[in-house]
Protein chains: 2
Amino acid sequence: MTGDEGPGTAGVNPHRLWLGDPRPRRGRRPAYSREAITAAAVALADAEGLEAVTMRRVAARVGAGVMSLYSYAPDKETLLELMVDHVSGELSPPGPPTGDWRADLKAVAHLQRAHMLRHPWLPAALATHRTPGPRALAFLEHALAVLRPTGLDGGTKLEIFAQLTAFVTGHVAHEIARAPASRSSARAEAEARYLAAVAADGRHPELAEALASPGRPLTPEATFTRFLDRLVDGLDSH
Amino acid sequence: MTGDEGPGTAGVNPHRLWLGDPRPRRGRRPAYSREAITAAAVALADAEGLEAVTMRRVAARVGAGVMSLYSYAPDKETLLELMVDHVSGELSPPGPPTGDWRADLKAVAHLQRAHMLRHPWLPAALATHRTPGPRALAFLEHALAVLRPTGLDGGTKLEIFAQLTAFVTGHVAHEIARAPASRSSARAEAEARYLAAVAADGRHPELAEALASPGRPLTPEATFTRFLDRLVDGLDSH
DNA sequence: CTCCATTCCCGTACGCTGTACTGGAATGAG
DNA sequence: CTCATTCCAGTACAGCGTACGGGAATGGAG
């Protein structure tokens, strides 16, 4: 898994994608690399969002012709898959499990949250299911190690990880949507006015009261921690 | 909120969308309705998925010209918003809260899950944030009523509902991805073989063991209930 | 009734997308 | 050198969302 495989990976089977392909012995040498193309696509998504990732713009960033990309990934869907796995490399666990699996699992979730906040396009990209690449599998390996002390069977451990990831994804998607950067103040104001108007129409007494008693606002981080703790502390080992 | 508003709603402010617009007194009478167009789009999404919902195909289903749709919704993004709210109408609460708010809240989540399974495009459509329309607000009103016995402040109640929805959305997205209908057996087989190959490479001992001890497989419903119970039972009404 | 401002319908057109096709350039083996 | 192999990328096409604008319908005013 050097991440530097050249073309020739445009096979039908997407899973063959992750299994190394020995470089052919003859013919022209590749001018680019899957790694470089993926990195360019990630940079584009980080800077301008997922919808800015078009084959043309990625190619331009790499300095290649548009159609050349198709030698490195059979289609755009696969390029997205490569992007997800590429950034998964940043998810390096802080160290071996401590034995306190609840604390470790919470740390895993916090890592995932920070990771998704760093790449705000990730929740959307993960919305459609993708098979985990090598780097994502490395992180899964860590999560499973964390869960070892629970003594749970393999299916349950995998399920816990999937649920935890789904939870984090959902939370971060929501958090991003509420983030100031993604909301022009004009829009936020308009929405507030809309909700106030609905609350004032008399047919939504609960909403009116909820909006009237906001309580002290928590940071997204605090909210995340609170719900995460609930979820993890509720898991029992056996 | 009759859902039968005619054209003329193409204002800049999307929130004005939900506030009724009195029919103009002069001029040609609308030939279609926002409701009919939305229903056609929903039917299309139900039958062939979100990516089948194009302006052209929706127009064809309604029997209208493509550009006519833009008299009823300013753009496709708004049409999606209308679709989400349209199906939210199916989320009618089974009755007033019983007073057992934990049980009621779990029922709310189960309703949401069934709803999303009925419209598998919903998780993807909800991935980008949307402001709740009248039907979604009616359901929110119910959820807030359910939470009344907790005595929590409004902000927390809203947060709980958002988190619960995020949790359900994440779970269902995952569930749908794993569903047989969305996975050709060939693909599922290929993925299984890929994972087995990775597990056999010696560098993923935890994964290898997890795959070797699957445990008894649970239905998605059972898994959902288990995690939901953890989450809800962990909430305190302080 | 006629006249006309108003309102809506929708054909045409444009720029953008993902990608199939294909011919040409580079490479290493025999 | 010759040639099969491999990769690069220009051209082209169908399909997308939607801006524009002319024509058709409508109801109030005279």
Side-chain angles (χ1 to χ4, degrees), chain A residues 4-12 14 21-38 40-41 44-45 48-83 125 128, chain B residues 4-12 14 21-38 40-41 44-45 48-83 125 128:
Chain A
D4 262 315
E5 293 90 352
T9 54
V12 208
D21 240 353
R23 276 236 56 237
R25 307 225 147 280
R26 294 223 290 283
R28 190 174 177 170
R29 219 164 300 142
Y32 317 105
S33 75
R34 202 196 293 180
E35 181 80 3
I37 290 170
T38 307
L44 207 48
E48 304 184 43
L50 244 203
E51 74 285 355
V53 179
T54 72
M55 301 304 269
R56 279 165 235 263
R57 295 203 55 188
V58 171
R61 240 183 143 93
V62 175
V66 190
M67 293 314 293
S68 301
L69 301 189
Y70 289 89
S71 303
Y72 298 86
D75 51 29
K76 194 191 178 180
E77 185 68 15
T78 305
L79 180 56
L80 280 179
E81 213 158 340
L82 289 167
M83 290 171 63
T128 76
Chain B
D4 262 315
E5 293 90 352
T9 54
V12 207
D21 241 352
R23 275 237 56 236
R25 307 225 145 280
R26 293 224 290 283
R28 191 173 176 172
R29 219 166 299 139
Y32 317 105
S33 75
R34 200 178 352 187
E35 181 80 3
I37 290 170
T38 308
L44 207 46
E48 303 185 43
L50 242 203
E51 74 284 353
V53 178
T54 72
M55 300 304 269
R56 280 165 233 263
R57 295 203 56 189
V58 171
R61 240 184 142 96
V62 175
V66 189
M67 293 313 293
S68 301
L69 301 190
Y70 288 89
S71 304
Y72 298 86
D75 51 30
K76 193 191 177 182
E77 185 68 13
T78 304
L79 180 56
L80 280 179
E81 213 158 339
L82 289 167
M83 289 170 65
T128 77

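Bear in mind that the values here come from a model prediction, so they are computed numbers and not experimental data.
In this structure, Glu51(A) atom CD and dC16(C) atom C1' are separated by 14 Å, rounded to whole Å. Between the P atom of dA26(C) and the CZ atom of Arg28(A) lies a distance of 6 Å, rounded to the nearest Å. Note: CG (Leu80(A)) to P (dT19(C)) measures 10 Å, nearest angstrom. Note: CD1 (Ile37(A)) to C1' (dC7(D)) measures 12 Å, nearest angstrom. Atom C1' of nucleotide dT6(C) and atom CZ of Arg26(B) are separated by 6 Å, given to the nearest angstrom. Atom-to-atom, CG of Leu79(B) to P of dG17(D) comes out at 10 Å; the value is rounded to the nearest Å. Here the C1' atom of nucleotide dG18(C) and the NZ atom of Lys76(A) are 8 Å apart, to the nearest Å. Nucleotide dC16(D) holds its P atom 16 Å from the CZ atom of Arg56(A), rounded to whole Å.
At least one donor-acceptor pair under 3.5 Å links the side chain of Tyr72(B) to the backbone N or O of Tyr32(B).
Within the structure, a side-chain polar atom (N or O) of Ser71(B) is placed less than 4.0 Å from OP1 or OP2 of dC9(C). For Tyr72(A), a side-chain nitrogen or oxygen approaches OP1 or OP2 of dC8(D) to under 4.0 Å. Tyr32(B) has a side-chain polar atom (N or O) that falls below the 4.0 Å cut-off from OP1 or OP2 of dC10(C).
The two residues Ala73(A) and Leu82(A) have their closest heavy-atom pair at CB-CD1, 4.1 Å. The shortest heavy-atom contact between Val53(B) and Ala41(B) is CG2-O, 3.7 Å.
Contacts of Ala59(B) with the nucleic acid, taken as non-hydrogen atoms under 4.0 Å apart, are absent. Ser68(A) comes within 4.0 angstrom of a nucleotide base, judged by non-hydrogen atoms across all strands. Residue-level contact check: Gly65(B) touches the backbone only, with heavy atoms under 4.0 Å from sugar-phosphate atoms and none from bases.
Heavy-atom distances to DNA chain D give each of Arg29(B) and Val53(B) a nearest nucleotide, and the one nearer the 5′ end belongs to Val53(B).
Picking from dC10(C), dT11(D), dT18(D) the nucleotide with the shortest atom distance to the side chain of Ala64(B) gives dC10(C).
Note that OG1 of Thr78(B) and CG of Leu69(B) are 12.5 Å apart. Values are rounded to the nearest 0.5 Å. A distance of 9.5 Å separates CD1 of Ile37(A) from CZ of Arg34(A), quoted to the nearest 0.5 Å.
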